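Here is the structure we will look at.
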2 protein chains.
Amino acid sequence: MARDNVTSLDVARRAGVSQSAVSRVFTPGASVSQSMTDRVLAAATELGYRPNVLARTMITGKSRLIGLVIAYLDNQFYPEILEKLSTSLQQRGYHVLVFMAQQTAGNIDDVLEEIMDYQVDGIVLASVAMSSVLAERCDAAGIPVVLFNRAEQQDRFSTVTSDNFAGGRALADFLVAGGHRRIAYIAGWEGASTQRDREAGFRAGLAAHGCELFARGVGDFLTEQAAKAAREMFAGDDIPDAVFVANDHMAFAVLEVLRGELGLGVPEDVSVVGYDDVQLAGWPSFDLTTIRQPSNAMVMETVSALLAQIEEGASRPQRVKIDGPLVVRGSARRPYGWKEDGDEGV
Amino acid sequence: MARDNVTSLDVARRAGVSQSAVSRVFTPGASVSQSMTDRVLAAATELGYRPNVLARTMITGKSRLIGLVIAYLDNQFYPEILEKLSTSLQQRGYHVLVFMAQQTAGNIDDVLEEIMDYQVDGIVLASVAMSSVLAERCDAAGIPVVLFNRAEQQDRFSTVTSDNFAGGRALADFLVAGGHRRIAYIAGWEGASTQRDREAGFRAGLAAHGCELFARGVGDFLTEQAAKAAREMFAGDDIPDAVFVANDHMAFAVLEVLRGELGLGVPEDVSVVGYDDVQLAGWPSFDLTTIRQPSNAMVMETVSALLAQIEEGASRPQRVKIDGPLVVRGSARRPYGWKEDGDEGV
DNA sequence: CTGAAAGCGCTTACAG
DNA sequence: CTGAAAGCGCTTACAG
């Protein structure tokens, strides 16, 4: 319960030097002699001194804090992103302040106000959109924002996504080539650009082969909703022979319904494909054909877009779109002659 | 790119009052007249003023920041905890600064130093242990620490866990009652108190029925390791008829190996039980019998233990141990006459 | 290279 | 209830 909090002044006294000297020793690039450094460091370690980051922030204006707004960690994709982003940022001397948001926006604005109260150097919005009011404020405050896995029309912000249109299209090509004719789609939350782009790409792909959507449901990126959509879609006699579910998280729920509740064979009766390639997709129980969102690359791009703005004052927003490969597994019938690839198990 | 950052002084000038008056309006409980409040608030909203939390922190010594050290978000249990903890803390006006640690300690100390640089009001260590050196420092700095899902002997800290011993024991009772006779165990990381307590309870339970462990492997709480342990354990002719895997996360990997690779029937050939009751455990594909770690209650206790120390200066550490119920599903043979319970699906 | 001094944006006694 | 002033722990011109 001691609040000892040793300050630079304590160290200065101990070392018999000025407080500014102590500060310089702990400021990379400041001009201090070796002997001064040694003396100060000795006193500092004796006392267990560490500079107060907050005090430094007040002066430099740099907190080395990055606000991360994230929601719905049930979807394995997000914990993965959080882990990688946080680790990557830590390595570069930044730290992540987390804010849980509700899935369907709404309170994002309040949450962002709170973030800004902490003088964060930058903000990552993972899978959430942002009001134009807040956009103004961030702009006004000169605080860099990167939209992760969202590419809204707000062109003042940097965005990092996979190429969702191309991914959707590749899945259509694959399903059509596999001989499917009654191809359905279970959508994510309609407000999301990822949802729209995946669907647009998928439809474009079908159209290129002279097909169109056989059925459509909406899962809102939630397992419950997706399960419900699947039940409805497969209720009658005339059921799809393939379904693209807008992300893996929902696709797992759909698989459970098709196999567990409806007793359908996958892929004998119906093929299922997803999007993301989260870890579970590779497990034998799901063995899901999907598009991989290259999370490492996406996180890397996010970090560099952010730090470019923070450290180099880069002002024009980057809009990064990363290609995601089709990962072929067992949940969808393969086109005749499709080369088998090995794949990681558990 | 504007660095407008409007300060209390700007608001004061605009409103024609003193800077202290502005400060008081934004300090809950300070004495200000209604008219002063109105005037200041008007000016503040016009200017878009919000108090700088960091400046406040420097004076009050309270950052309203909680450091969370966490590792290995692959295990669904942790994202769930992160989400709940963060949400709960946000509601009480605190925010979470995240630090990713490596599974097997090691760098925890460095990470904690970094945390303390931000003057956090408290620290939650999720599933990691802490060196006694660091313990000293936290104590010296008077900063409250709660160990979540770990109960090391460091009795100067609060701990929150489920009753791992009782849980292990309940599983032993259940398996023995189910008529299993060759009962195995796949351990988590041996350094973890959760691992030790679960195993001790399990062994005690077996012993009470005159049984002992038929086989033992080590999974280190990692899927790869657990899968490997399962392969070895089930390699010969004389295989177990039941296995308790020290957490659900590993149990899923074991299930994949038993069913997918070895073609064993679960529970016909072998029963599998886990620990945690993460969401996946309830899905039809796994349908895992397990002990529920009551995450809501555990998070609640963590928050209250922490805030008790922060806000009320409670000094004696609490050691909370919460009962976790046995959740019976289909992955293990049930004792004769066991009452069926409904259970949530996907 | 080093020290004395100003100031980051606030809160909080201290007077009135 | 309100204002002037000190001070939280630092960084950074400014002199020397």
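The sequence lines fix the lettering, A, B, ..., with proteins before strands; numbering per chain opens at 1. Please read these numbers as outputs of a predicted model, since none were measured by experiment.
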Counting C-beta onward and ignoring hydrogens, is there a side-chain heavy-atom pair between [X] and [Y] closer than 4.5 Å?
| X | Y | answer |
| --- | --- | --- |
| A:L125 | A:F148 | no |
| A:L97 | B:L65 | yes |
| B:I66 | B:V120 | no |

Task: B:H95 side chain to A:E114 side chain, donor-acceptor N/O pair below 3.5 angstrom - done: yes
Open item on the list: Does anything in residues 49-60 of chain B come within less than 4.0 Å of DNA chain D? Heavy atoms only, and list the residues if so.
Closed with: B:M58, B:I59
Open item on the list: Under 4.0 Å, heavy atom to any atom of DNA chain D: which of residues 17-33 of chain A qualify?
Closed with: A:Q19, A:S20, A:S23, A:R24, A:T27
TODO: Under 4.0 Å from any heavy atom of chain A: name the first and the last nucleotide of DNA chain C that qualifies, 5' to 3'.
DONE: C:dC1 to C:dG9
Tell me, please, which residues at least two apart from [X] pass side-chain hydrogen bond (donor to acceptor under 3.5 Å, both in side chains).
| X | result |
| --- | --- |
| B:Q34 | B:D38 |
| B:E311 | B:Y94 |
| A:S33 | A:S35 |
| B:D121 | B:S63 |

Task: Contacts of type salt bridge (charged side-chain N to carboxylate O under 4.0 Å, His left out), residue B:R39, not counting sequence neighbours - done: none
- [ ] Just jot down the salt bridge (charged side-chain N to carboxylate O under 4.0 Å, His left out) partners of A:R64, sequence neighbours excluded, or say none.
- [x] none
All N/O donor-acceptor pairs, side-chain side in residues 293-302 of chain A, below 3.5 Å, sequence neighbours left out:
unit_1	atom_1	unit_2	atom_2	d
A:Q293	OE1	A:S162	OG	2.7
A:Q293	NE2	A:N149	OD1	3.4
A:Q293	NE2	A:D276	OD1	2.7
A:S295	OG	A:E80	OE2	2.7
A:S295	OG	A:K84	NZ	2.8
A:N296	OD1	A:K84	NZ	3.3
A:T302	OG1	A:M298	O	2.7

Open item on the list: Are there runs of at least three consecutive Watson-Crick or G-U pairs touching DNA chain D, with each pair's two distances under 3.5 angstrom? Give them by first number.
Closed with: C:1-3 with D:14-16, C:5-12 with D:5-12, C:14-16 with D:1-3
Task: Sequence neighbours excluded, every pair satisfying ring-ring contact (aromatic ring centres under 6.0 Å, His included) that has a member inside residues 20-59 of chain B - done: B:F26-B:Y49
